[in-house]
Amino acid sequence: MRKKTLRSPLLYLFLIVVTIIIGLSSRKFPGYFPDFLVEYLGDVLWSSMVYFGICLLFPSVSIKKACITTLLFSYFIEVTQLYHAPWIDSIRNNPFGALVLGHGFLWSDMVCYTVGTAFAAIMDCIFIKMKKGKK
């Protein structure tokens, strides 16, 4: 028997799109955001987007597993930034490659990924409880 999901694919697709728009806006229009947010918001939102993507692709995944997967993926991408070779640096020099892979390792990014994952998980909990309440 198939496990019923409490996640709406359209909601998580919407969350991904909104997260991307806000994240890109924080880089493109930094004057509209406080300096502290400009510095860290992109990384927080990046991991939130990864979390929402996992929930979209695997709607029955538990919140705990979604958090662990998001953190492992985000931390892995950050650690790969310690590796520099012409082939991967050429990918990072492409705007899309830079958004996905980043440029240089920062411990603060690890903290941002943790905050972004926690934020997305809290939102996920709220959405799941709201959907349960409607039934």
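Throughout, numbering of the chain's residues begins at 1 and tracks the sequence.
No donor-acceptor pair under 3.5 Å is formed between the side chain of Thr19 and the backbone N or O of Leu45. Remark: side-chain polar atoms of Thr80 are paired, donor with acceptor, to backbone N or O of Ile77 under 3.5 angstrom. Side-chain atoms of Ser90 come within 3.5 Å of backbone N or O of Trp87 as a donor-acceptor pair.
By the 4.5 Å heavy-atom criterion applied to side chains, Ile54 and Phe73 are not counted as neighbours. When side chains are defined from C-beta on, Arg7 counts as touching Ile128, because their heavy atoms get closer than 4.5 Å. Considering only heavy atoms from C-beta on, Tyr75 comes within 4.5 Å of Thr114 through its side chain. Side-chain contact between Leu99 and Leu24 is present, with heavy atoms from C-beta onward closer than 4.5 Å. A 4.5 Å side-chain heavy-atom check between Ser26 and Val38 finds every atom pair outside the cut-off. When side chains are defined from C-beta on, Ile22 does not count as touching Met49, because their heavy atoms never get closer than 4.5 Å.
Shortest non-hydrogen contact noted between Leu106 and Glu78 is N-OE2, 2.8 Å. For the residue pair His84 and Asp89, the shortest heavy atom distance occurs at ND1-OD1, 3.0 Å. When every heavy atom of Ser48 is checked against every heavy atom of Gly116, the shortest pair comes out as OG-O, 2.8 Å. Taking all atoms of both residues into account, the shortest heavy-atom contact from Ile63 to Ala121 is CG2-CB, 4.0 Å. Residues Val100 and Trp46 approach most closely at O-CZ2, 3.5 Å, considering heavy atoms. For Asp109 against Gly104, the heavy-atom pair with the smallest separation is OD2-O, 4.3 Å.
More than 12 heavy atoms of other residues, nucleotides or ligands shown are found within 6.0 angstrom of CZ on Phe105. Sparse packing is recorded around CG of Asp35, with 12 or fewer heavy atoms of other residues, nucleotides or ligands lying under 6.0 Å away.
Here the straight-line distance linking atom OH of Tyr12 with atom CZ of Phe58 works out to 15.0 Å at 0.5 Å rounding. Expressed to the nearest 0.5 Å, how far CD1 of Ile88 lies from CG of Asn93 amounts to 11.0 Å. Annotation: the span from Phe119 atom CZ to Tyr51 atom OH amounts to 12.0 Å, rounded to 0.5 Å. The structure places CZ of Phe33 at 5.5 Å from OG of Ser25, a figure rounded to the nearest 0.5 Å. Within the model, atoms CE of Met110 and CG of Asp43 stand 11.5 Å from one another, a figure rounded to the nearest 0.5 Å.
With ring centers used as reference points, Phe36 lies under 6.0 Å from Tyr40.
Between the side chains of Thr70 and Tyr113, no donor-acceptor pair is found at a separation under 3.5 Å.
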